[in-house]
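Structure first, then comments.
What you are looking at is a predicted structure, and each value in this text was computed from that prediction instead of being measured. Note that ligands are numbered from 1 as they come in the structure, with each ligand's atoms numbered from 1 the same way.
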Amino acid sequence: MCGIVGYTGPREAYPVIIKGLKRLEYRGYDSTGVALQNGGLKVYKKKGKVAELEDSIVGKDLHAHVGIGHTRWATHGEPNDRNAHPHSSASGKLAMIHNGIIENYAQLKQELLKKGYSFKSDTDTEVLLNFVEDIKTNNHCSLEEAVRIALKRVVGAYVILLLDEETPGTIIAARKGSPLVIGIGKGEHFLGSDASPMLEYTKEVVYVNDYELAIIKPDELILKNLGNETITPYVQKLDIELAAIEKVGYDHFMLKEIFEQPQTIYDCLRGRLDAIAGTITMSGIQQYSGQIMNANRIVIIACGTSWHAGLVAEYIFEELCRINVEVEYASEFRYRNPVINKGDVIIAISQSGETADTLVAIETAKAKGAIILGVVNVVGSSIARVSHGGAYTHAGPEIGVASTKAFTAQLAVLTMIALKVAHDKGSIDKERYMHLLNELHEIPQKVSKVLESSEHIKRLAEKYKEASDALYLGRGYNFAVALEGALKLKEISYIHAEGYPAAEMKHGPIALVDENLPVVFVATKDSYHEKIVSNMQEIKARKGKLIAVISEGDDYTAALCNDVMVVPEADEILAPMLSVIPLQLLAYYIGVAKGCDVDKPRNLAKSVTVE
Ligand code: G6P
């Protein structure tokens, strides 16, 4: 939520910042702004996406070697020019951008109002900024000192970057709960919510930790804690290539990421799965294997698409490992004083590794003594760091706001964990274990096969793009795929779509069925197949439009349907990695056909760092 960028060094700051903001737009795109320091501070900001800001400031004085920029996902105050970041302090000498929420801003605002401050925006950010300025003025101290004092009073989550007219070339940054990366160049520094804004300039980065404050000059980076003690920055090398964050010929990141899935699943399995030797090696899981095997319960915590991956994993773990699994929305779990017993294992799933609810849910469970395993995509992210162990999904940067390749990589990792635990525990027989390893190994090839049908799915998109509603139904392992298919469609095309367990449909949604309602069944060949075909008959009898994802060669089911999308046969445990692909494509092509901004759907953000 909200992307932040900063630069200080010999280059022109504005182009570096604007390019960085475009890379971070997936985090929010309600409004955009930059503050540049060249003598005084110049602040340019506007409602809308980065390109709109660029257009609005053509011809303005943009010369500066230090600056900060922000792309916003609105929390406090509607998206408009006034509420856009950066905010300027009452004196105009300080500028600040912020990602997060200051929960006690109302109280701080009251204090400042009594002192005679007035506010130009409705944001919590402007309150924090003036609170800092007030401390700086009254204590006659440096900005760094004022920030430190202010943050001791702040309740909430933040990354803040500040510029001070009185200290040219210097950016002050601080973090708690939201991500901040500092890129180290030669005589220059870059800042970002993630590493993408700095990738073409440097591969050396420092991930700032909670309660740390950084003083950044072109040739100096000082890291301190809030107690003013200096900390040695831990410099890490980035393992991402620039092509990974560019569209490289695709119209949208979402399409690129859908088509990357054969490779991303392969990358996820590589070095871990040895189908010939019959081994699964996952170093971050290995040492907790005993605890997982003997767990009373596995609790899976996640949000959004990651939650859907958790639902598939619930079925897989219960089947293969015979362990009781519960899947929780992080936002619900964290607030209801959950019962965590000794011997419970938590698996937190997150693409970004920064989702605020998941992060706090982990902390809640950790405080109660649970073992936390993270299944995370972004290396070095907060969830990866607070987990005891876990496994990265290695899907590479996912930029399209609607998650695609992260989902299939999560499924691959979770399946490997379940297989490993089942094998160690002895709850799976050797033959089935080897069969599943072999089948898993073949999944990337089968995904490539599904992608070959993209033109067919594009034609279906044309046919169904005018629908106002859609129902997605699945059973067993494919139930969560139905939920995910519906989520993709509503995110990308704004068509109302509902996912439901196919049999449960008789207890409500069937009332919606008429000759106009497309009903998308996920009906690949599995142990529920006959049952779901009966559910299809029930829809057909009521004249609903039947569309189905089916297995190759299933002519009987195909004959029932108005349209089908075919995937290769696979063991039912692994089928979701295939059956979800046509649904991702269908949502994508419908979104494009309707003229929607598929990479940046309205109101959404990729990394939800506020509750
Ligand atoms: C947002 C994104 C979704 C994502 C969800 C959870 O809603 O738009 O695509 O599934 O957050 O994010 P996480 O990074 O924790 O997987």
Side-chain angles (χ1 to χ4, degrees), residues 1-3 24-30 73 75 99 177-179 193-194 252-254 257-258 264 300-313 327-334 346-363 372-387 390-411 413-414 480-481 483-492 494 499 580 583-584 587-588 591 596-611:
M1 293 260 118
C2 302
L24 291 179
E25 257 190 327
Y26 71 85
R27 302 179 65 87
Y29 28 82
D30 293 337
W73 189 88
T75 56
N99 165 206
S178 299
S193 300
D194 68 28
H252 297 97
F253 281 110
M254 183 177 175
E257 287 156 7
I258 291 173
T264 50
I300 298 179
I301 302 174
C303 304
T305 290
S306 299
W307 187 82
H308 293 156
L311 271 190
V312 179
V327 189
E328 299 270 1
Y329 285 116
S331 53
E332 290 296 317
F333 177 83
R334 58 178 289 194
I346 305 289
I347 300 182
I349 311 173
S350 175
Q351 187 287 126
S352 62
E354 300 294 348
T355 302
D357 282 322
T358 310
L359 199 51
V360 183
I362 290 174
E363 277 155 11
I372 316 288
L373 302 175
V375 173
V376 173
N377 193 36
V378 177
V379 175
S381 56
S382 302
I383 293 175
R385 286 186 288 158
V386 299
S387 300
Y392 283 117
T393 46
H394 295 315
E398 192 181 64
I399 295 168
V401 165
S403 187
T404 52
K405 64 175 180 173
F407 178 71
T408 45
Q410 287 164 349
L411 293 184
V413 164
L414 291 161
V481 176
L483 298 186
E484 177 60 9
L487 176 64
K488 286 291 88 90
L489 188 72
K490 67 187 144 204
E491 281 179 308
I492 297 306
Y494 315 140
V580 75
L583 303 184
Q584 295 171 343
Y588 170 78
C596 302
D597 188 347
V598 292
D599 278 342
K600 300 187 204 89
R602 72 179 174 218
N603 301 335
L604 295 176
K606 185 147 195 72
S607 185
V608 181
T609 54
V610 296
E611 291 176 39

Heavy-atom nearest neighbour in the protein, as seen from [atom], with distance rounded to 0.1 Å:
atom	value
atom 11 (O) of ligand 1	K606 O, 3.7 Å
atom 8 (O) of ligand 1	A605 O, 3.1 Å
atom 6 (C) of ligand 1	C303 O, 3.4 Å
atom 15 (O) of ligand 1	T355 OG1, 2.4 Å

Any idea which atoms of ligand 1 are less than 4.0 Å away from a heavy-atom of [X]?
X	answer
V401	8 (O), 9 (O)
S306	10 (O), 13 (P), 16 (O)
S350	13 (P), 14 (O), 15 (O), 16 (O)
T305	10 (O)
S403	9 (O)

I'd like to check [X] versus [Y] (side-chain heavy atoms, cut-off strictly below 4.5 Å). Are they in contact?
X	Y	value
L414	I347	yes
T358	I349	no
F333	V327	no

| query | For E491, which residues count as a side-chain hydrogen bond (donor to acceptor under 3.5 Å, both in side chains) partner, sequence neighbours excluded? | reply |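 With neighbours one apart ignored, the set is K488.
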
| said: Could you go through E354 and S178, starting from their C-alpha distance and side-chain angles, then the distance that decides it, and tell me whether this counts as side-chain hydrogen bond (donor to acceptor under 3.5 Å, both in side chains)? | reply: CA-CA 7 Å; E354 300 294 348; S178 299; over 6 Å; no

Flag [X] as yes when one of its N or O atoms lies below 3.5 Å from any N or O atom of ligand 1, and as no otherwise.
X	answer
I349	no
S352	yes
Q410	no

| said: For a quick check under 3.5 Å, do E484 and T305 share a side-chain donor-acceptor pair by atom type? | reply: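 Checked: E484/T305 side chains pair up, N/O donor to acceptor below 3.5 Å.
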
| request: Check for a donor-acceptor pair, side chain of W73 on one end and backbone N or O of R27 on the other, with a separation under 3.5 Å. | output: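 Flag not set: sc W73 to bb R27 has no pair under 3.5 Å.
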
| query | Residues in side chain to side chain contact (heavy atoms under 4.5 Å, CB included) with N377, at least two apart? | reply |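 Residues passing side chain to side chain contact (heavy atoms under 4.5 Å, CB included) with N377: Q351, T393, A395.
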
